[in-house]
Structures are given as structure tokens and as C-alpha cells.
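Structure first, commentary second.
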Protein chains: 2
Amino acid sequence: MATSAFQRLPGFRDFPPEELALRSHIQEAWRRVSRRYGFQEYDGPPLEPLELYVEKSGAEIVGQLYNFTDKGEREVALRPEMTPSLARILGDRSRGMSKPIRWFSTPQLFRYERQQRGRLREHFQWNVDIVGEEDVAADAEVLAVAIDGLRELGLGPDDFRARVSDRRLLREVLLAVGVEEERLPTAFGIIDKLERMPRDKARATLLKDAKLGSAETDGLLELLDSAGLDAVRARFGDRGAVAAELARLAQYLGALEAMGLGAFVQFDLRIVRGLAYYTGIVFELFDRKGALRAICGGGRYDRLLELVGGEPLPAVGFGMGDVVLGELLAERGLLPAYERALDYFVVAVSPEQRAQALRIAHTLRDRGSSVAYALKAELGVTKQLKAADREGAKEVLIVGPDELARGCVVAKNMESGGEREIALSELT
Amino acid sequence: MATSAFQRLPGFRDFPPEELALRSHIQEAWRRVSRRYGFQEYDGPPLEPLELYVEKSGAEIVGQLYNFTDKGEREVALRPEMTPSLARILGDRSRGMSKPIRWFSTPQLFRYERQQRGRLREHFQWNVDIVGEEDVAADAEVLAVAIDGLRELGLGPDDFRARVSDRRLLREVLLAVGVEEERLPTAFGIIDKLERMPRDKARATLLKDAKLGSAETDGLLELLDSAGLDAVRARFGDRGAVAAELARLAQYLGALEAMGLGAFVQFDLRIVRGLAYYTGIVFELFDRKGALRAICGGGRYDRLLELVGGEPLPAVGFGMGDVVLGELLAERGLLPAYERALDYFVVAVSPEQRAQALRIAHTLRDRGSSVAYALKAELGVTKQLKAADREGAKEVLIVGPDELARGCVVAKNMESGGEREIALSELT
């Protein structure tokens, strides 16, 4: 088979109808759930000033971007994430808006990643953010949206789990264990990588870089391994700063429990989510088999809007991509089969009925039905019926000389084969 | 008012919720109409190999593109139009597909245009194409889609008009007038610019560049000015080549008439649509006041797929942008007012009812209703009611100690003020 002289760029996807239907299946579920939670949809430009990303993530981000100099000598980049655009947009208008602001978006994002099997350079990402509310209820609400987004697509507690932590709690625990204030970023960095590190190496790194004693390191590792808040409470619950953080987390978990989502949520002190940016509760959603990368990540980021020059506003949100999620849905057999569907296919028995067939088709379309007919005028009835079948028509309307003489058309149900007559007066 | 330290790029739009709602209003109308006509939605990457556009439009297109060299040394460009991507995608797969192929898309497109008032560097464009059908019925079907797209948004025959022509007819008319074969592209170019040119200049250019005689030029200009096919038929209808083209156009106009769309369509031999690319019937949609640029343009392009290396397939389609259309809708008062809407706002009278309120909210969300509540736990009832009003809640559900003791909540209609009790058992 000859192929086109032009290939699409590596890491990009085409969306022919059957692929677009899957993308819409996911995006429409995201939209429905967002609206149920009272979120409003927004969007920004796919191209932004490069400095917007450098300001948030540092100069090292540039190596992963599609960036270039435009014809007006501006340094620009295809958006690698949505939050900087959100912060920029709100920076200009949040002061006039009532709080909290509940916004969502489903933008396409771009990263120049090294080519790897299954790694793409673009994806669609559901972004959900509450801006202007520091109450832990906002954190719970945002995680509930993420969980319900997956539930809406047919996934249940056997399929995925949200692992949650709080960077403020981790900080207090680390201080309690004996990590010095200036070693905290180092310790955060080690814990962030803990699950991808052999235990020996984790231990050695904590001893050397976080300057912890041997017993303290073992105690910390044990605590990080234990699920649930109880172990933390048992060891450090008498320290005021830890107790305050535990109380907030308990309120957070209680809210999710009240919403009936407790089965999806699991406390895990090892969830850190990178080094900068997040300031409080953080979470990631994983498939329970653990075979895939995280489906979703988010948390509280109370200083970002200020950073890009806007009003200082607390914020919490998440991003969920369509690629890993699509893999999970495919694996669970939860992707819908693609079917063409049409309400009517109008068949003109001979070219003399053509004008009448067009009239009927357009009348039905004006009423909101989906209608097609054979464009080639000289096509025989058998071929027209085959085309109707191929396009998934529910009913075929046969417009022939005998029927027209009787003032009607024959409607044939393509599934049952049953026929009925419809008066022309109803169709024009 | 302080503004963000970062500005969006010139020529790009942000879409805060009220703007996104207008964009969705237009795009959803486009989708509904496409589906009524049995078209399937597709999409391609916003970034493509630069050569894809150079191949179709020549090297001079590069000056109008957002193009750059990516980190893998590939010459790439943000898509300025959708048809090359369509041709590329079909080039790989059309051989296995039943014809005709009816596809539509609503991509965002990008051009580095010189900054002018009201000229943007991005827009969303409805693309509708029928590929693999040379019958003139496909041309009529595609124009009907474009017309119905505008009708769906509330525009009628007083608001806009489709001006149609056929480049094959124009060719035969020019040959009949006496233009030599090798002067045809020049003559097409002059006629394409006719409406933006003083009459003297048009006349002089036709005399000089198209090498027409004085009487022939006057005759041609008179013909171009006359609306309707009759003038052409009267003058050249006895020439076989012209008559064949007139017959085809009559069939085209007859099909649109049968669909009840005749009032929207006007023959106009001056519609050429550029120099290359199109091969047959061409059309443009204009507002009837003539104050705006064309709303939509399209036509038959039977050689493009072959050009990018695919199967030789006839094709016909159009592109309609959201910017000019949005201006026309705004001018006619046809843009919907933006209103926030929510089915329920749940009010907890005191923090003790919080968990119950969350339970109720989530139950209603699970049933598909849109629900919000105040995230700040200590907010008084009056402030919660204000928030409900701000978010456009239809009903407020009041969850208080007395109500819960009676096993119910009070539902207050925000418009009528009427109240009713709902049993808790119905809400959890």
C-alpha cells in the first residue's frame, strides 16, 4: 500500500473518527463531572511567552519545551501545562471576581520529551482548580472531582486509588525525626524518589545527605512504609505542630468519607510531588495493579498566583492526562466500541424522486435528525441500501414513484426489517 | 489595578468562562449540524511538518506561519489550515475506506499575520469535507451544511448570502470571450481582485495583461456584473462547453432549491477564490450588509490528495472561522447572555450538619445534578444563600438540625421563593 509522502511528527497523534470518539468519550466525561461540581470551563492560548514557564519551573524546563523565537522576536513556547496560563489569566481579573473561583479546562499540552515507546509529545489534560479558598474542604472537593471523573468512565475502587499526603505534615514529621531545617528540601527530594530507589540506597542517602542518624533513618523509613495516619499519630501525635496537621488531614479524609469516596483514598506520607510549587495536601491517582504511571496528580499551591504577579490567593487543583487513562480504560475493557449512527437514510428509487428525497432529508435535518442519502444520483436501490447499512442508519426512507403517488414514503427499520408508511405531509 | 507580570501574546485570545461559553455556542452548533448531515468528527496535530504547507501553497506561505526548527532538527509549523492535515491523514488510510468520506473538524489554526486592529493570529475553523465523490450533489451538500451552520445560530436570508461560481464555467466563458489559454491564470487573478479594484483599473488590466480587445473587455465586465446564469446562457449557451457547465450548475442550484435553501444562494461569476487549489464550484458566504470579511469559503479541490501523495480522490469542502462569525452574531444580537447555573446549592445551617450536607451533595451529583456548597465551614446561612444566588442555583437545600430531626431537608426555590420538604431517604 502506498502511503502519503508526508508523515505526522513523532509523538503526535492523528484522530480519525474512531480515535476522536474515544478522546471525546473521555473529555465529555470530564466535562459532565466538572459541571456537576459547579465548575466553569475556560481555555487559554496554546502558545505563551516562554518566561511564563521559566518563572514557575526554572530555566531547566526549557530543554523539555517546544520553544522558539517568533517573527516578532518574542521567545514563545507551546504550553507544557495549564496552571501558568490559569495564573496569568486570573492575575489580570481575579480581583473583580467572587471567591472561590472554580474553573476547569481540557487543553492539549506539549512537551519535547525524548522519544520513548508509548511516550507522546502531546496529550489532553483535564485541569480542575479552586482558587481563593484555603479551607481543607476545597482540597477534598478537588480530589472528589478527580475520583468522580474516573468513576464516570466506569472505574471503581478495585481499579484505582488516590494516595494522599500533606507536605506540611511531612515537614513537621521530618523536623520531629531530627532533620535540620536547611536539610528539609534534600529530605523531601529523597522521599519523592523513595519508591524508585532500592532500600539500601534510600537509607544511605538519608544518612549522608539528610544528615540523619542511623536509628532516626530506620524510624523514618518505617513510618513512611506504614499506611494510615495512626502510625504518625502514635509516634508524634503529642507534638503540637504534628497534631495540628493530623487534625487537618483527618478533616480532609472525613469529608471524602462523607461523600462516599473513602474507599478510594489512602494516606501515604511518601507522596511529595516534586520539589517546589506545592504547599500543602498533595495527591496522586494510581491504577491498583501499579502497572501504569500516575493517572493524575495535584494538590495545594498557595503561592503561584503571587509569583506570576497576581493577587495572593490560595489555590488547589489537579491535572489528569488522557493517555495513561486511555491505557487503563482499554485494559479494563471500558472503551466504547465505535459505531456509525444515523437516524435516516433517504433512498430515491430513481433520479426522478431525487428532488423530493432532498426535500425530505432537509426537513428531517431541520427537525434535528441525522440524515444522509447517496450523493451519486444514478446509484441503484440495492447500492443505496448498502450505503445506508454502512453508515449505521436506523431507518431507511424509500421515496419511489408508487409511494409518492399514494402521498407517502415507506420507512424500513434496518434492524427489525419492519416497514411502515409515513405521509408526505409529515415530512415536508 | 495591578496586572499580571505576564501578558498573553498579541493576536491570541484568552477564554475565561463567559468567552468560552460563546466559543462553545458556535462550535456546538457546528457539531450539531455536521452530525445531522452524517459527518464524522476528526482532528489532527496542531504541529505539522513545514513542508506539508509549502507543498500545497508554495514557499511564500512560510512568511505567514508560526514555523520553527524543533529540538530534533525538524522544520515544523503550527497548522495555518486543516486541509493539508486531512489530505495527509487520508493519504494513509483512504484506500481502505468506503466512499464518500464525510468528515468534519473544528481545529484552532494559527497565522503570523501583521498586527492589525481586529486581526487575530489564531482562530477556530469549522472544516467540512466530502472526499471521494465527484457528483455535483456533493458540492450542494457541502454548501447546505455551511448555510445550515449559520441558520442554526439564528441567521436567516436577510443576514447572509452564499455567492457561488464554478471555475470550469469561468474558464469556458473566458475562452469564449477570447482570452488565450495561457492568459487564463492571469485573467483568473484579475477577476479574483475585481471587487477590490476601481473599474478603470480593472478594464486597463484586462486589456493589458489578459490581452483582451476593448469590446471583449467591456462585454466580459458586463457579464461579470450580471447576477444569475441567464446572462451567461443568453450569450454563450449555444457553445457546448459552456452549456455543459451551465447544466451542472443548474443541477447544483436545483438541489439547494429542493432543500429549501434557494433564498440563500446567488450565482456570481466573480467568485474565484485565489489562484490554485480549487478546481470546480467555489463559494463564499457574506453578510448581506457587506461590512465584514467573508464568513466562509470553500469549493471543489479534486487534485489535493494526489498532491500530498495519497490516492487520487475528488474532494469538496469549506472552512468557516469563529471570529468574523462571532462579530456578525454580536451585531445581530444573537449571542446568548452568559449565566451561571446550578441545580442545587446545599446549605449547612451549622458545621454539625456539614457531613450530612456533603453526603446529600454527592448523592445528587451521582444522579447527574450540578451541586455546590460553601467550602468555608464557618460561613453563616445568609452568606451561603448569597453564594447560592451568585452561582445561579435553582434550588437551595437547607440542611439544619430541626429538619434533620424530622428526617428531611427544606428545598427553597430561588426564583419563586417557594419551599418544599424532601425526605432524607430520597437524598442519600
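No experiment lies behind these values; they were computed from the predicted model shown. To find a chain, count down the sequence lines: A is the first, B the second, and so on, and within it residues start at 1.
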Subject >> Proximal component of A:Tyr338, with respect to chain B [non-hydrogen, under 4.5 Å] >> reply: side chain

Subject >> Interchain contact, A:Leu305 with chain B, by part (heavy-atom threshold 4.5 Å) >> reply: neither

Subject >> Separation of B:Phe68 CZ from A:Asn67 CG (nearest 0.5 Å) >> reply: 8.0 Å

Original post:
Quick one: salt bridge (Lys or Arg N to Asp or Glu O under 4.0 Å) partners of B:Lys386, sequence neighbours excluded?
Top reply: none

Subject >> Contacting moiety of A:Glu257, where chain B heavy atoms sit under 4.5 Å >> reply: neither

Subject >> Residue A:Leu364 versus chain B: region with a heavy atom under 4.5 Å >> reply: neither

**OP:** Side-chain contact test, heavy atoms from C-beta onward, threshold under 4.5 Å: evaluate it for A:Leu47 versus B:Arg121 and give yes or no.
**Re:** no

Original post:
With A:Glu306, which residues qualify under salt bridge (Lys or Arg N to Asp or Glu O under 4.0 Å), at least two apart?
Top reply: none

Subject >> Side-chain heavy atoms of A:Glu122 within contact of B:Pro46, under 4.5 Å >> reply: no

**OP:** Describe, in one word, how the ring planes of B:Tyr37 and A:His362 are oriented to each other, choosing from parallel (under 30°), tilted (30 to 60°) and perpendicular (over 60°).
**Re:** perpendicular

Original post:
Which bit of A:Pro100 is near chain B, if near means a heavy-atom gap under 4.5 Å: side chain, backbone, both or neither?
Top reply: side chain

**OP:** Find out whether A:Pro84 and B:Phe6 are in side-chain contact, i.e. whether some heavy atom of one side chain is under 4.5 Å from a heavy atom of the other.
**Re:** no

